[in-house]
Amino acid sequence: MSSFDIRNPDFSNAGGWPTGVKMVFGLIIILLIIGGGWYFFVADKRTELQSLERKELDLKAQFEAKQAKAVNLEPLRAQLEEMEVMLQQMLRQLPSKTEMPELIVDISQTALATGIQNELFQPGPEVPKEFYAEKPITLRMLGSYHQFGAFVSGVASLPRVVIMTMHDISLKPRDGDAIGANGQLVLEGTVKTYRYLDEEEQAAQADAAQGGAK
């Protein structure tokens, strides 16, 4: 029997190795095969499994969030309907189409009643919106602080709810007048007042919006 040198094994004569040595090398080969199989197959599947687990957690979180929204859907829907009713009630407090010309006259007369001089009071064409229409008025008024304060108070006390917003408005002393409570001021620019649209006008606006969207 030939001697076996473990530091320099003769792989061309592996069949002649001692039984114990062959068993050790066979075990090493089996371990290498198992390790390679784990690396190439099992480890890859483990990574895929971890990815699926993270996806499962994300989907679970999305489901819980949607479930919470679904639970609150009916109360939110009822609240939305209530807000829409309140909006319609508020819009109904605005002047109607037939009341608008008289309201414009009332605003102008209120200014005159407080002593303000209307050097320019020119209503422009209406601009219809979804639920309401806005009426721009270009104006130039001359008066004091007290008179302008009385004008605003007078407009607020008109029978109909009047909303006026100011756009590009300037308020400055008249040339040669001193700044003070009794000094004359020039108010000029554009104000907008609003009225509600009746059902037919709202329907026409909705049709126009749909036509423009096509």
Glu82 CD: over 12 foreign heavy atoms closer than 6.0 Å: no
Pairing residues for Ser157 by the side-chain hydrogen bond (donor to acceptor under 3.5 Å, both in side chains) criterion, not counting sequence neighbours: none
Those residues that, when tested against Arg77, pass salt bridge (charged side-chain N to carboxylate O under 4.0 Å, His left out) (two or more places apart): Glu74
Listed partners of Lys192 passing side chain to side chain contact (heavy atoms under 4.5 Å, CB included), at least two apart: Glu134, Pro136, Thr165, His167, Tyr194
Any residue meeting side chain to side chain contact (heavy atoms under 4.5 Å, CB included) with Gln79, in chain and number order, not counting sequence neighbours: Leu76, Met83
Residues, nucleotides or ligands: over 12 heavy atoms within 6.0 Å of Asp168 CG: no
Min side-chain heavy-atom separation Leu171-Phe148 under 4.5 Å: yes
Contacts of type side chain to side chain contact (heavy atoms under 4.5 Å, CB included), residue Leu80, not counting sequence neighbours: Glu84
Flag side-chain contact, heavy atom, 4.5 Å: Thr193 against Ile104: yes
Donor-acceptor contact below 3.5 Å, side chain Gln147 vs main chain Ser144: yes
Non-hydrogen side-chain atoms of Ile137 and Thr190 separated by less than 4.5 Å: no
Of all pairs that satisfy salt bridge (charged side-chain N to carboxylate O under 4.0 Å, His left out), the ones with a partner from residues 98-117, not counting sequence neighbours: Glu99-Arg160
All pairs passing side-chain hydrogen bond (donor to acceptor under 3.5 Å, both in side chains) where residues 109-120 contributes a residue, at least two apart: Ser108-Asn118, Glu119-Arg140
Positive for salt bridge (Lys or Arg N to Asp or Glu O under 4.0 Å) with Glu126, one of Lys135, Lys97, Arg195: Arg195
